[in-house]
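To keep things clear, I will list the structure first and then write my remarks on it.
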Amino acid sequence: MSRPLRMLDPSAIFLATVRCLQGRLFLRSSRETYDVLGGVLARAVRLYGVEIFAFNFASNHLHLIVRAPRGNLPQFMQYLLSNISKKVGPLVKWRGAFWERRYSAQPLLDDAALLDKVRYVLAHGVKEGLVRHCSEWPGLSALPLMRDGKPRTFRWLNWTRRCRSGPPSRRGSRLDERWAERAIEQQARLAYRTVMGVRRVCAQPPQRRPARPERSPAPWCHTTVRRLRDEFMERYRSFADAFLEASAAWRQGNLSAAFPVAAIRPFLWPGQTEIADAA
């Protein structure tokens, strides 16, 4: 298998990550993108009932620490990422593929791993030498909400209504109010004597592509306890064996093949079962 199979436990907390195409800076912070990203994230959370523990939007990727009690993490991520690409793409004058590949999601198996990844997510900008303090990062982040406990309000921009309002010459701006529905720093200081700064971060061209984007293989899971990792890998191997067996039966025409719990079953078009039975 080229990519790990999705084993989605509704009770598990995941670190979800996705990168922009070729590492381009499509998510570079600006007043417009900040507002749009906040509106899309808030609406996706409300529609799909997920729990967000931390989030951070970097210039060319995003991190979410999330749990989906309804077992609908793929649907949530599909809605979130598709709406980001449709709404941010025009703002940065980019057409075509927006994301580099599908998102990765690794479970966090213990509290220490959860706290470590919350720290990792909120440290963005400082650990890369872009800003001096975590609070200075201009992109959308959970840190301000976690510091003061005050809820934030973002606009959901209904561009379907905008397109139906009349010819392009009369629609106005995409951001028009008519379409709205309402210890890290010390370590980084040792690593970076100077930083890029907020002004230069926000001034970067969104279509810029880093000369050497950082790449590293995604781990199977995150934990500080070796036993938990071994138990997870054993569960995953059993899950993968059962999935591949069911998948082989499915490809041979057995559309009632029993896939393991927490698997994403192949999609069935209405009436497809009857067609297979008739054959």
Least distance between heavy atoms, [X] atom then [Y] atom:
X	Y	answer
Leu80	Leu41	CD1-CA, 3.8 Å
Leu5	Ala240	CD1-CA, 3.9 Å
Val201	Pro138	CG1-CG, 4.1 Å
Leu143	Ser135	CD2-N, 3.9 Å
Ser141	Leu122	OG-CD2, 4.0 Å
Ala142	Ala54	CB-CA, 4.0 Å

Determine, step by step, whether Phe243 and Met7 satisfy the side chain to side chain contact (heavy atoms under 4.5 Å, CB included) criterion, reporting the C-alpha distance in whole Å, the side-chain angles of both residues, the deciding distance to 0.1 Å, and the verdict. CA-CA 10 Å; Phe243 185 94; Met7 187 171 69; over 6 Å; no
Using the rule given for side chain to side chain contact (heavy atoms under 4.5 Å, CB included), can you reason through Lys87 versus Glu32, listing the C-alpha separation, both sets of side-chain angles and the distance that settles it, and then say yes or no? CA-CA 10 Å; Lys87 293 182 181 296; Glu32 294 82 6; over 6 Å; no
Partners meeting ring-ring contact (aromatic ring centres under 6.0 Å, His included) with Tyr103 (sequence neighbours left out): none
I'd like to know if [Y] and [X] are part of one continuous hydrophobic network [Ile/Leu/Val/Met/Phe/Trp/Tyr, side-chain heavy atoms within less than 4.5 Å].
X	Y	value
Leu47	Ile84	yes
Phe14	Val261	no
Leu25	Val88	no
Val225	Met233	yes
Met146	Phe53	yes

About how many Å separate [atom2] of [Y] and [atom1] of [X], when rounded to the nearest 0.5 Å?
X	Y	atom1	atom2	value
Leu91	Arg28	CG	CZ	10.5 Å
Leu140	Ser29	CG	OG	8.5 Å
Leu228	Arg226	CG	CZ	11.5 Å
Thr223	Asp110	OG1	CG	3.5 Å
Trp94	Ser85	CH2	OG	13.0 Å
Phe55	Leu145	CZ	CG	5.5 Å

Quick test of your reading: applying ring pair (Phe, Tyr, Trp, His ring centres under 6.0 Å), list the pairs with at least one residue in residues 196-234, sequence neighbours left out, ordered by first then second residue. Trp220-Tyr236
For residues 64-83, the ring pair (Phe, Tyr, Trp, His ring centres under 6.0 Å) pairs (sequence neighbours left out) are Tyr48-Tyr79
State which residues pass side-chain hydrogen bond (donor to acceptor under 3.5 Å, both in side chains) with [X]; sequence neighbours excluded, sorted by chain then number.
X	value
Asp241	none
Asn60	none
Glu234	Arg237
Arg227	Glu231

Close side-chain approach of [X] and [Y], heavy atoms under 4.5 Å:
X	Y	answer
Pro69	Pro10	no
Leu62	Leu81	yes
Pro74	Ile264	yes
Val66	Leu73	yes
Val126	Trp137	no
Leu27	Leu37	yes
Val36	Asn83	no
Leu114	Asp116	no

For Phe26 and Phe98, take the angle between the two ring planes, folded into 0 to 90°, and tell me which bin it lands in: parallel under 30, tilted 30 to 60, perpendicular over 60. tilted
Going by the angle between their ring planes, with limits at 30° and 60°, are Trp250 and Phe259 parallel, tilted or perpendicular? perpendicular
Test your reading of the model: is there a side-chain donor-acceptor pair from [X] to the backbone of [Y], 3.5 Å cut-off?
X	Y	value
Asn254	Ala249	no
Glu136	Arg132	yes
Ser82	Gln78	yes

Do Thr33 and Asp35 get their side chains close enough for a donor-acceptor pair, meaning under 3.5 Å? no
Just wondering, are more than 12 heavy atoms of other shown residues or ligands nearer than 6.0 Å to CD in Glu100? yes
Within the supplied structure, the quantity of interest is the number of heavy atoms (other residues, nucleotides, ligands) at a distance under 6.0 Å from Arg147 CZ; does it exceed 12? no
Could you give all pairs that pass the side chain to side chain donor-acceptor pair (under 3.5 Å) test and reach residues 5-20, with sequence neighbours left out? Asp9-Ser11, Thr17-His63
Show, in sequence, the C-alpha distance, side-chain angles and deciding distance for Arg200 and Leu130, and conclude whether the side chain to side chain contact (heavy atoms under 4.5 Å, CB included) test is met. CA-CA 9 Å; Arg200 290 179 58 195; Leu130 301 176; over 6 Å; no
Which pairs, with at least one residue in [range] and sequence neighbours excluded, count as a salt bridge (Lys or Arg N to Asp or Glu O under 4.0 Å)?
range	value
residues 75-84	none
residues 245-261	none
residues 55-73	Glu51-Arg67

Which residues pass the side chain to side chain contact (heavy atoms under 4.5 Å, CB included) test with Asp111, sequence neighbours left out? none
